[in-house]
K.L.:
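I'd like to ask you about the structure that follows.
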Amino acid sequence: MKQKLFQELARAGLLGAAAIMSLTATAENRTHVLSSDKTSLAVTTNDGGQAYFQYFGPTIKDTDIAGFFGVGSNFTGHTLPQFGLHSSGEKMLAVVMPDGTMSTDLVMETMERTTDEKGELLTLVFKDKVYPLTVKQYVRKYADSDVFSTWIDITNTGKKGNIKLLNFASACIPVARLDNWLTQFHGSWGCETGMTETELPNGQTVIADKAGLRNAFGTNPGFMISLDGKPAENRGEVLGFNLLWSGNYKTKILADNGSIDIIGGINEDTSAITLKPGECLSTPEFAMVYSDEGKGGVSRAFHKWGRKYGMTHGDKLHDVLLNSWEGVYFDVNQEVMDQMMGDIAALGGELFVMDDGWFGDKHPRNGGSAGLGDWMVNKKKLPEGIKGLTEAAKKHGIKFGIWIEPEMANTKSELFEEHPDWVLSQKNRPLSCGRGDTQVVLDLCNPKVQDFVFDVTDNLMKENPEIAYIKWDCNSDIMNYNSPYLPAERQSEIYVRYHQGLHKVLDRIRAKYPDLVIQLCASGGGRADYGLLPWFDEFWTSDNTDALQRIYIQWGDSHFYPAIAQASHVSASPNHQTRREVPIKFRFDVAMSGRLGMEIQPKNMTDAEKEFAKRAIQAYKEIRPVVQFGNQYRLVSPYDKGPVAALMYADEKKDNVVVFAYRIEYLNGQNIPNLRLDGVDPDKNYRIHDLTPADPKRPSRLDGKVVSGRILKNAGINIGSSLGRPFTSVALSLTAE
Ligand code: GLA
């Protein structure tokens, strides 16, 4: 075994105390090894009713673990560290019992290993020795995946008396203290998911969010920790972690010279939860991957898992679409929508999405300050209603989609006039408003509001069953922290109860409309997380559509989220966010590395741009299965600050490969090294095809060449001649012969 990530702890003091406890099912030490093809995770219980994460690394056999317990002891691997009794420091769980006691003393009563449709599951049931508190701890290995996860359910099993939860993390994971580096992602509007890579310092490093609704804008919940120095893409030992929660989260990385503990879960700051008798809090899953194929290995495991378990329709090809936002902003009307539909259909697109601006009667939505909540068509703009649009889509032979922001209201809306108590607001203070100085957040803690939000989608779909796609937006954080619905003693629970309410709504929508495609948007990539993605088909990666900056944003997102989930749109030049002028080929080559779409008024494109767009969309359709379902290999990082960034995709058998390379910096005389294609099969020969030549009569010099995989991998291809100017790029497909 190269590295033992989880090693045994069995501290003598703990065992000594525990040995006195009366035990039933755990009279013997037991180790359960959950294994995928590449990875094993071992959990051991001792005869004191305690459980330990003991190993997480390359696959081992059950027999390998025998005798492991009690051998090593250099760091703590208790699966459920608790506050107040046995030791000090940061803990997963801290509660206040009905009599004010602030400790727990949990002993495992049973451990069960079961299999369900998602894979294997260990369920460890802990009970407090004195108080009516049960904690079920789960450890899952997903079927056909290298992703493991763990979480807990906390239940007040008493008949009277409340238990207050102060700390309620999902997981405490021990990691070997070696030459560890931390890769994390941070950003804000228009520059989401920027990557930072540093040596992991001793002390506490916190990765957290407290925005309330858009938990991926600031810091993304996904992060990686290496075990053997600065992480590389395709070699070295790296662990990846991600919390599957849509609300505030907090992961504490506690490192010293001898150990690392990672405590991750819902952010408990200002969020104490009261459990009445019989009530249970289910914490979100903390997902983890071990790879000895570097960061790329971790990403590929998360992508594969994401397509299967972490999103909706990850196994169905996603359409090429035109979204109206950057084309016309709020100025939608029947005529212009019809024109845009005709244009995208002519370019080979398959879907048109009408963005913001279509609704509001008494308070028409002509800008950001009115109409949210009034989801009825603005008859002045759209006299034929949505029917007129779905009919137009039918006429052009494409599908139709529509934008909504159903968790929100404007104070200038009929909804707010009728139900001022449906928004998060404080009795004795004026409302703080967001976008347009009038935007407020609906109180999803309230079941009536949950019904309203469900009805927004349900009514749209009942009246217009032809709607194939919904863009679900969320353009606010939580302000006015108070739920008019929740009682005073539950106000600290809003950050959690809001999301539980939202999840209930989404469950109902998905149960009724399983085929509907829904995009997750939050002012761009504010919700690029696995907390909500399970109900959605993709996320809007960023409101910044500048192709150069998108290379960085998409690079960051690709560490955890698959290309099929990343909406990547070609927009106008100069770009509306950065004013940068970038050729159409570069814009397409960047967008084609994700779920390709357009965000532009096609009417304003030149004939040459349209001709190129048509060819590029056609080419994308050919390589779409490889990009959307394939394995991704990041080849040259834009963060390396060289002249080029590059990535590739390969299908499972490595028969079909797609390569993208971009000139991101231009200085005279800069050397462009050969591009080595890590993801090809050395034993196959590949025919190279230039997917998007600027001039079809003059494709790349590489076009038509047949090259052995071994050469492609070891020597690489010379892309220098294709990338000789600023903002040049190349998109190649390689097919095994
Ligand atoms: C947000 C989204 C944009 C667009 C606008 C509409 O900013 O990220 O794509 O939908 O809202 O108001």
Side-chain angles (χ1 to χ4, degrees), residues 187-193 211 213-218 321-333 336-337 340 351-360 363-375 378 381 400-410 412-413 433-441 456 460 469-477 517-529 532-533 536-546 549-550 553-554 557 565-572 575-578 591 594-601:
S188 60
W189 180 87
C191 61
E192 295 88 337
T193 340
L213 299 186
R214 297 176 293 186
N215 77 355
F217 245 160
L321 63 85
L322 170 66
N323 183 286
S324 67
W325 181 240
E326 285 195 30
V328 295
Y329 292 100
F330 292 100
D331 295 333
V332 302
N333 63 52
V336 83
M337 297 294 97
M340 291 176 100
L351 166 72
F352 173 76
V353 183
M354 176 174 65
D355 208 287
D356 202 349
W358 61 268
F359 52 91
H363 301 284
R365 179 79 169 169
N366 295 323
S369 60
L372 288 178
D374 299 349
W375 301 104
N378 177 332
K381 294 181 181 178
F400 177 76
I402 195 164
W403 180 96
I404 53 175
E405 196 182 351
E407 298 161 65
M408 302 289 155
N410 286 120
K412 274 193 210 156
S413 69
C433 295
R435 190 183 187 191
D437 293 330
T438 53
Q439 182 154 340
V440 283
V441 178
V456 171
L460 262 180
Y469 178 108
I470 280 180
K471 175 173 175 179
W472 180 296
D473 212 337
C474 166
N475 288 311
S476 181
D477 294 330
V517 176
I518 317 181
Q519 184 192 73
L520 178 56
C521 175
S523 321
R527 282 178 161 176
D529 64 56
L532 283 179
L533 206 49
F536 291 82
D537 296 68
E538 60 181 26
F539 57 84
W540 179 222
T541 310
S542 176
D543 272 353
N544 186 346
T545 54
D546 170 63
Q549 201 159 358
R550 270 301 186 102
I553 297 171
Q554 293 171 193
D557 277 323
Q566 288 189 42
S568 314
H569 295 180
V570 172
S571 62
N575 178 267
H576 291 191
Q577 292 80 36
T578 62
R595 196 281 284 130
L596 173 66
M598 297 182 79
E599 187 89 15
I600 197 167
Q601 169 51 289

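These numbers come from the heavy atoms of this one structure, side chains and all, not from hydrogens, waters or symmetry mates. When a ligand or atom number is given, it counts from 1 through the structure's own listing order.
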K.L.:
Should the pair Trp472 and Phe536 be assigned to parallel (<30°), tilted (30 to 60°) or perpendicular (>60°) ring geometry?
P.N.:
perpendicular
K.L.:
Before we go on, tell me: are the rings of Tyr469 and Trp403 under 6.0 Å apart, centre to centre?
P.N.:
no
K.L.:
Note every protein N or O atom lying under 3.5 Å from an N or O atom of ligand 1, pairing the names and giving the distance.
P.N.:
| residue | atom | partner | partner atom | Å |
| --- | --- | --- | --- | --- |
| ligand 1 | 7 (O) | Asp543 | OD2 | 2.8 |
| ligand 1 | 8 (O) | Gly524 | N | 2.9 |
| ligand 1 | 8 (O) | Asp543 | OD1 | 2.6 |
| ligand 1 | 8 (O) | Asp543 | OD2 | 3.1 |
| ligand 1 | 9 (O) | Lys471 | NZ | 2.8 |
| ligand 1 | 9 (O) | Trp540 | NE1 | 3.3 |
| ligand 1 | 9 (O) | Asp543 | OD1 | 3.2 |
| ligand 1 | 10 (O) | Asp355 | OD1 | 2.7 |
| ligand 1 | 10 (O) | Asp355 | OD2 | 3.2 |
| ligand 1 | 10 (O) | Trp403 | NE1 | 3.0 |
| ligand 1 | 10 (O) | Lys471 | NZ | 3.1 |
| ligand 1 | 10 (O) | Asp473 | OD2 | 3.3 |
| ligand 1 | 11 (O) | Asp473 | OD2 | 2.9 |
| ligand 1 | 11 (O) | Asn475 | ND2 | 3.3 |
| ligand 1 | 12 (O) | Asp356 | OD2 | 2.6 |
| ligand 1 | 12 (O) | Arg435 | NH1 | 2.9 |
| ligand 1 | 12 (O) | Arg435 | NH2 | 2.9 |

K.L.:
For the backbone of Gln566 and the side chain of Ser568, can you confirm whether one donor and one acceptor N or O come within less than 3.5 Å of each other?
P.N.:
yes
K.L.:
Determine whether a donor-acceptor pair (N or O, by modelled atom type, separation under 3.5 Å) exists between the side chain of Gln439 and the backbone of Met408.
P.N.:
no
K.L.:
For the residue pair Arg550 and Trp540, would you count it as a cation-pi contact if the rule is NZ or CZ under 6.0 angstrom from the ring centre and within 45 degrees of the ring axis?
P.N.:
yes
K.L.:
Mind checking salt bridge (Lys or Arg N to Asp or Glu O under 4.0 Å) for Glu407 and listing every partner two or more places apart, or none if nothing turns up?
P.N.:
Arg527
